[in-house]
Amino acid sequence: MLSGRILPRSFYARPTVEVARDLIGKLLVHGPTSGIIVETEAYLGGGDDLAAHTARGLTQRTRVIFGPPGHAYVYLIYGMYECLNLVAEPDGQPGCVLIRAIEPVSGLDIMRARRGAPTRPEQLANGPGKLTLALAITRRHNGVDVTRGPLVVRHASPERHFEIRVTPRIGITRSADLPLRFVVTRKAQHQSEPRP
DNA sequence: GGTAGGATGGGCT
DNA sequence: GCCCATCCTACCC
């Protein structure tokens with residue numbers, strides 16, 4: 001598949017929920033590996049979202065989330081895995097989107113080698129810790145600008161349209177009821193004709 | 001099909 | 001010292 005233009009910073013400089021929703025169907029690219037984003041979660045600033053890392057305010061770790069939009073926030077989780085977020089909202093306002101799953105598009109063999117365990121294609125990057133492993137995204141990418149390579153998000157070409165379901169977020173205990181997770185349920189381009 | 005438990009280290013109280 | 005925005009394996013239907 002061809003990749004379209006890089007998402008501009010204005011894409012990210014919007015309310016976090018809108019950015020989370022609109023990242024579905026976009027192409028996450030790092031070097032030779034890439035995949036279509038199929039699951040995201042919004043983590044809000046402003047204090048009402050107790051699951052957000054920014055809920056306790058500005059710290060050394062969370063400073064990137066308060067910075068300009070269109071940058072990567074990467075952190076270590078459970079001492080073993082790293083999670084990729086993309087910073088939303090205008091500069092100075094917190095808010096970010098966790099990328100929870102991608103559907104591999106290019107560099108499948110490289111992803112398989114990085115993941116180690118015998119892995120079926122659909123399981124290569126279907127989790128936040130798995131996709132960073134598959135795309136070789138680490139804390140060294142914390143703070144990098146994703147509107148300029150090598151780690152970027154692009155429009156898919158042709159543009160992809162999906163049916164999206166909104167649900168509570170996964171794996172949290174605080175603010176666990178907020179509908180801030182966006183996940184592809186069905187590929188629109190594969191939608192069948194009306195049944196007889 | 002399902003779930004329980006352990007690995008592992010940084011951030012914050 | 002406790003809490004994680006996780007994943008994999010073992011084990012049990």
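In what follows, chains are A, B, ... by sequence order, proteins preceding strands, each numbered from 1.
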CA sep, side-chain torsions, deciding dist, call: A/Ser157, A/Ser3, side chain to side chain contact (heavy atoms under 4.5 Å, CB included): CA-CA 5 Å; A/Ser157 178; A/Ser3 43; 6.0 Å; no
Full working for side chain to side chain contact (heavy atoms under 4.5 Å, CB included) between A/Ile99 and A/Leu131: CA-CA 9 Å; A/Ile99 310 301; A/Leu131 75 90; 3.9 Å; yes
Side chain to side chain contact (heavy atoms under 4.5 Å, CB included) evaluation trace for A/Val38 with A/Ile102: CA-CA 5 Å; A/Val38 293; A/Ile102 65 173; 5.6 Å; no
Residues A/Ile65, A/Arg63; criterion side chain to side chain contact (heavy atoms under 4.5 Å, CB included); working and verdict: CA-CA 5 Å; A/Ile65 310 174; A/Arg63 72 185 168 75; over 6 Å; no
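At a threshold of 4.5 Å between non-hydrogen side-chain atoms, the residues A/Ile24 and A/Thr40 count as touching. Between A/Glu41 and A/Ile170 the shortest side-chain heavy-atom distance falls below 4.5 Å. Two residues are said to be in side-chain contact when any heavy atoms from C-beta on lie closer than 4.5 Å; A/Ile6 and A/Val153 fail this criterion. Taking 4.5 Å as the limit, some side-chain heavy atom of A/Leu151 sits within range of a side-chain heavy atom of A/Leu28. Residues A/Thr138 and A/Thr132 are not in side-chain contact: their nearest non-hydrogen atoms beyond the backbone lie 4.5 Å or more apart.
Among pairs with a residue in residues 77-88 of chain A, those fulfilling side-chain hydrogen bond (donor to acceptor under 3.5 Å, both in side chains) read A/Glu82-A/Arg139, at least two apart in sequence or across chains. Contacts classified as salt bridge (charged side-chain N to carboxylate O under 4.0 Å, His left out) and involving residues 165-180 of chain A (residues at least two apart or in different chains) are given here: A/Asp49-A/Arg169. Residue pairs meeting the salt bridge (charged side-chain N to carboxylate O under 4.0 Å, His left out) criterion with at least one partner in residues 12-34 of chain A, sequence neighbours excluded, are A/Arg14-A/Glu18, A/Arg14-A/Asp22, A/Lys26-A/Glu159. Residue pairs meeting the salt bridge (charged side-chain N to carboxylate O under 4.0 Å, His left out) criterion with at least one partner in residues 115-125 of chain A, sequence neighbours excluded, are A/Arg120-A/Glu122.
Nucleic acid contact class of A/Arg115 (heavy atoms, under 4.0 Å, all strands): sugar-phosphate only. If you check every strand for non-hydrogen atoms under 4.0 Å, A/Arg61 touches sugar and phosphate atoms only. Among the atoms of the strands shown, base atoms are found under 4.0 Å from some heavy atom of A/Leu98.
A donor atom on one side chain and an acceptor atom on the other are not found under 3.5 Å apart for A/Thr54 and A/Thr62.
The stretch residues 64-81 of chain A comes close to DNA chain B through A/Leu76, A/Tyr78, A/Gly79, A/Met80, each having a heavy atom under 4.0 Å from the strand. Of the residues in residues 14-24 of chain A, not one places a heavy atom less than 4.0 Å from an atom of DNA chain C. Contacts between residues 40-54 of chain A and DNA chain C, defined by a heavy-atom separation below 4.0 Å, involve A/Tyr43, A/Ala51, A/His53, listed by number.
Once you apply a 4.0 Å limit to the heavy atoms of chain A, the touched nucleotides of DNA chain B run 5' to 3' over B/dA7 to B/dT13. Extent of DNA chain C lying under 4.0 Å from chain A heavy atoms, first and last nucleotide in 5' to 3' order, is C/dC4 to C/dC8.
A/Tyr73 meets the ring-ring contact (aromatic ring centres under 6.0 Å, His included) test with A/His53, A/Tyr75; sequence neighbours excluded. Contacts of A/Arg112 classified as side chain to side chain donor-acceptor pair (under 3.5 Å), with partners at least two apart in sequence or in another chain: A/Asp109.
Stem regions for DNA chain B, each three or more consecutive Watson-Crick or G-U pairs with both distances under 3.5 Å and listed by first number, read B:1-7 with C:6-12, B:9-12 with C:1-4.
The cluster map of Ile, Leu, Val, Met, Phe, Trp and Tyr, joined by side-chain heavy atoms under 4.5 Å apart, puts A/Ile164 and A/Ile36 in the same cluster. Linking Ile, Leu, Val, Met, Phe, Trp and Tyr residues whenever their side-chain heavy atoms come within less than 4.5 Å leaves A/Tyr12 and A/Val87 in two separate clusters.
Across the interface with DNA chain C, nearest-nucleotide mapping of A/Thr119 and A/Cys96 shows A/Cys96 to be the residue nearer the 5′ end.
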